[in-house]
Amino acid sequence: MGKKSQGGGKPSGKGKQAGQQGGSSSSSKKTAKDAAGGGPTRVLLLRHGQSEANATKRDLPDPLLTDLGRAQAAAWKGAICRFGAECVLVSPLRRAIQTALLAYDKVDVPVIVCRHARELWWDEQANTPSNFETIAALLRDLPRGDEVCGVEEALWETPETPKSENASIEAMKNELRERSEDCVAVVCHW
């Protein structure tokens with residue numbers, strides 16, 4: 001587990017809020033975006049806070065955040081909205097879900113669990129998603145947990161589910177290309 005740090009990454013930049021008008025530069029941005037094949041003009045990446053696996057350097061099944069990790073995530077509360085994310089895509093792993101909901105508490109943007117935002121190194125227990133019941137129990141105890149979308153879809157495998165880490169990365173790129181928002185946050189991993 002030495003290849004991963006303790007977490008608490010920072011998003012950067014500024015973005016427009018959904019529905020905000022921007023004059024002629026807004027229309028030229030849309031034209032450039034449309035010519036580039038769609039998707040957001042900005043993607044913000046926020047790494048999860050310190051997890052129990054990070055702290056213990058052990059491969060624990062889908063670990064939660066430590067007290068420090070929860071504090072790291074909660075430190076974004078009230079400040080993260082300045083980056084202008086219009087939606088938040090979050091890994092289906094518990095540490096990322098906790099980070100997203102603690103950071104985006106009281107921010108009026110959709111939070112969507114996205115299977116393709118999960119950690120690589122799928123052979124490790126820490127990077128295997130929990131079952132639906134475990135995630136549902138976690139969501140009951142988190143701010144905005146009742147507003148999270150896409151949990152079932154992110155956890156259930158289908159014939160179209162990528163079978164490799166590289167295929168999952170490509171699926172994440174495609175997911176972003178298909179988004180209509182100008183600014184998307186992704187709460188993810190290393």
Side-chain angles (χ1 to χ4, degrees), residues 4-5 7-49 69 72-93 95-120 127 129 142-145 147-155 158 160-162 164-190:
K4 299 168 191 103
S5 66
K10 297 180 181 180
S12 61
K14 294 182 181 177
K16 292 190 324 180
Q17 294 294 333
Q20 190 175 1
Q21 298 299 316
S24 63
S25 64
S26 174
S27 62
S28 63
K29 266 189 179 179
K30 288 289 185 189
T31 304
K33 179 179 167 180
D34 293 341
T41 56
R42 290 184 334 123
V43 176
L44 308 171
L45 302 175
L46 177 62
R47 186 188 191 273
H48 62 80
Q72 289 169 333
W76 285 103
K77 183 177 173 180
I80 203 146
C81 61
R82 74 176 183 252
F83 296 105
E86 298 166 68
C87 80
V88 179
L89 302 179
V90 61
S91 161
L93 298 172
R95 59 199 181 267
I97 293 170
Q98 285 179 291
T99 298
L101 293 179
L102 292 169
Y104 282 90
D105 183 17
K106 298 187 181 8
V107 179
D108 188 23
V109 295
V111 177
I112 305 159
V113 178
C114 177
R115 182 178 191 89
H116 313 307
R118 74 184 263 209
E119 177 69 281
L120 301 181
N127 304 328
L142 288 168
R144 300 191 61 210
E147 300 173 30
V148 175
C149 302
V151 176
E152 292 181 56
E153 296 87 346
L155 296 175
T158 67
E160 293 81 34
T161 300
S164 72
E165 295 161 337
N166 287 336
S168 188
I169 291 168
E170 289 305 312
M172 184 70 208
K173 290 178 185 177
N174 289 333
E175 173 77 23
L176 287 169
R177 283 184 200 106
E178 293 173 6
R179 302 297 311 179
S180 62
E181 299 87 359
D182 284 330
C183 183
V184 174
V186 182
V187 182
C188 52
H189 304 273
W190 190 76

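Because only heavy atoms are used, hydrogens play no part in the values below, and waters and symmetry mates are left out as well, while side chains stay in.
In this structure, the salt bridge (Lys or Arg N to Asp or Glu O under 4.0 Å) partners of Arg115, at least two apart in sequence or on a different chain, are Glu157.
The shortest non-hydrogen separation linking Leu101 to Gly145 is CD1-CA, 3.9 Å. Across Ile97 and Pro92, no two heavy atoms sit closer than the pair CD1-O, 3.7 Å. Smallest separation of non-hydrogen atoms from Ala85 and Leu44: CB-CD1, 4.3 Å. Considering all non-hydrogen atoms of both residues, Cys183 and Pro40 come closest at N-CB, 4.2 Å. Nearest heavy-atom pair, Ser168 versus Pro162, reported as atom, atom and distance to 0.1 Å: N-CB, 3.5 Å. Residues Glu165 and Leu120 approach most closely at OE2-C, 3.6 Å, considering heavy atoms.
Using a distance-only test at 3.5 Å, with no hydrogens or angles considered, a donor-acceptor pair links the side chain of Arg144 to the main chain of Tyr104. Panel note: side chain Glu86, backbone Asp182; a donor-acceptor pair is recorded below 3.5 Å. No side-chain donor-acceptor contact under 3.5 Å links Arg118 to the backbone of Leu93. Within the 3.5 Å criterion, the main-chain N or O of Gly49 finds a donor-acceptor partner in the side chain of Thr99.
You'll find the side chain of Leu142 reaches within 4.5 Å of the side chain of Gln98, heavy atoms only.
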* Kindly indicate, with the supporting measurements, whether the criterion side-chain contact (heavy atoms from CB on, under 4.5 Å) is fulfilled by Ser91 and Glu119. => CA-CA 8 Å; Ser91 161; Glu119 177 69 281; 5.9 Å; no
